[in-house]
Amino acid sequence: MRHAPGQSYANREEAPNLRAMPADALLSRRELSALSGYAIITLKIWAANNRGPRITRVEGRPRYRVEDVREWIGLSPSAKPEFTQGIFA
């Protein structure tokens, strides 16, 4: 399920500025939800099915490296075109 970009399904927090963050910074699932417009539960389901951006676990909690999220949404020069279609349509 998608929501308006910049609005988290859980708590309508402001989306982080992905372009301004360092490549090795980590995003929580809530931050990725706010950024992408996808509900947190959607991100959880995708993670269980090996979809969406790559997950890095920190103390057992899922985190998303900014560089991986950039590649997933097509902001990275190495992004594959199929990842960018429909992400922010």
Side-chain angles (χ1 to χ4, degrees):
M1 177 177 213
R2 282 195 69 172
H3 303 279
Q7 293 186 355
S8 170
Y9 179 77
N11 71 348
R12 312 283 188 243
E13 68 183 43
E14 186 174 325
N17 183 345
L18 197 61
R19 292 181 192 270
M21 297 178 79
D24 61 347
L26 297 172
L27 298 171
S28 68
R29 198 169 268 155
R30 179 171 285 157
E31 290 169 322
L32 182 58
S33 175
L35 177 76
S36 68
Y38 287 105
I40 292 171
I41 190 66
T42 300
L43 297 172
K44 287 180 182 180
I45 291 168
W46 285 356
N49 292 300
N50 295 317
R51 293 184 59 202
R54 185 177 326 161
I55 293 177
T56 300
R57 295 225 175 246
V58 177
E59 295 183 6
R61 297 184 184 270
R63 296 292 182 256
Y64 300 88
R65 284 183 55 242
V66 166
E67 185 59 31
D68 293 335
V69 173
R70 286 178 183 155
E71 185 173 320
W72 177 62
I73 62 172
L75 293 177
S76 171
S78 64
K80 297 177 184 173
E82 63 266 21
F83 288 128
T84 62
Q85 296 174 355
I87 300 294
F88 291 106

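Model, not experiment: these values are computed from the prediction. Residues take their numbers from the sequence shown, with the count starting at 1.
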Start with the C-alpha gap between Ile73 and Ser36, add the side-chain angles, then the distance that decides, and say whether side chain to side chain contact (heavy atoms under 4.5 Å, CB included) holds. CA-CA 9 Å; Ile73 62 172; Ser36 68; 5.8 Å; no
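Legend: residues meeting side chain to side chain contact (heavy atoms under 4.5 Å, CB included) with Asn50, ordered by chain and number and at least two apart, are absent. Shown here are the salt bridge (Lys or Arg N to Asp or Glu O under 4.0 Å) partners of Arg65, two or more places apart in sequence or in another chain: Asp68.
Within the structure, side-chain hydrogen bond (donor to acceptor under 3.5 Å, both in side chains) pairs that include any residue of residues 55-64 comprise Arg29-Tyr64 (at least two apart or interchain).
With values rounded to the nearest 0.5 angstrom, Ile40 atom CD1 is found 10.5 Å from Glu31 atom CD.
Formation of a donor-acceptor pair under 3.5 Å by the Arg70 side chain with backbone atoms of Leu18 is found in this model.
Below 30°, between 30° and 60°, or above 60°: for Trp72 and Trp46 the angle between ring planes is above 60°, a perpendicular geometry.
What you find for Leu43 and Ser33 is that their closest heavy atoms are CD1-N, 3.7 Å.
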